[in-house]
Amino acid sequence: MFIGHFAPAMVAAVHPKAPGLGTLFVAGQLVDFGFFGLALAGIENFRITPGITKMVPLDLYDMPYTHSLLGSAVWALGFALLIWLFTRNRTGAIIGGAVVLSHWFLDLLVHAPDLTLTGSPPKLGFGLWNHPAIAMPLELAITFGALALFIMKTKAISPKSKYALGLLTVLLLAFQSVNWFGPEPAAADAAMKLTGLFAFTVAAIAAWWLGRTRSLKPI
Ligand SMILES: [Zn+2]
């Protein structure tokens, strides 16, 4: 799951007390920001094993701090606390935390059994990455369904809104295409991890821009 993690962010963004769309994009991928960051530091580990799933060659054998349910909950709590400290918006903090936590449950659908509850086995994952005919339409449907909902529930407050929407749409499609159809990474090296972090950051910046050009329609 890549761009699908932004779906909860875009759905959450239509709540009147929600944090901005850029903040919510960071929330949706916070656990993977943490994962690639910890992997760069050698604290969590993965390797490339071609064929381990049909779609994704990642053997995610060591990620107890980010991809356990407990670990995800701690990241969610930390993110919620940060939002609360900066904004004193309790509902917004809870929404941000919930979007962070959604990451684990979306990963649960697609990952091979490599997720845990508390960092040690049993290892969980329903393995839709072995069923591209389900996983690919599912990821596109939730992502662009959520984007359509966000556009329907908001109105443009800047003429630049259409450019921001175009940019975000193109970026999401481009990132997912590279993820699905690009060459398989040769190794779990620093370049690959930095590329992931860079893609998440660029998507969040585009989402931040789109969020700034739109406001919620009155109900
Ligand atoms: Zn993940």
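Keep in mind it's a predicted model, so treat the numbers as computed, not measured. We count ligands from 1, going down the list as the structure has it; atoms in each ligand are counted the same way.
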Parallel, tilted or perpendicular for F25 and F6, by the 30°/60° rule?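 Parallel: the ring planes of F25 and F6 meet at under 30°.
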
Is the Zn ion (ligand 1) less than 2.8 Å from at least one N/O/S atom of H5?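 Coordinating: no.
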
Could you confirm whether H111 has any N/O/S atom lying under 2.8 Å from the Zn ion (ligand 1)?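 Of the N, O and S atoms in H111, none lies under 2.8 Å from the Zn ion (ligand 1), which means no.
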
Distance-only polar pair, side chains of H67 and D107, donor-acceptor under 3.5 Å: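 A pair is found: one side chain offers a donor N or O, the other an acceptor, under 3.5 Å apart.
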
In terms of heavy-atom contacts, does NZ of K17 have more than 12 from other residues, nucleotides or ligands at under 6.0 Å?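 No, because the 6.0 Å sphere around NZ of K17 holds 12 heavy atoms or fewer from other groups.
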
If you consider just the N/O/S atoms, which atom of D32 is the closest one to the Zn ion (ligand 1)?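 When I compare the N, O and S atoms of D32, OD1 is nearest to the Zn ion (ligand 1).
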
OD2 (D107) - the Zn ion (ligand 1) - NE2 (H103) angle, nearest 10°: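 Nearest ten degrees: 90°.
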
Hey, are D114 and K123 close enough for a salt bridge, meaning a charged N less than 4.0 Å from a carboxylate O?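 No, no charged N to carboxylate O under 4.0 Å.
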
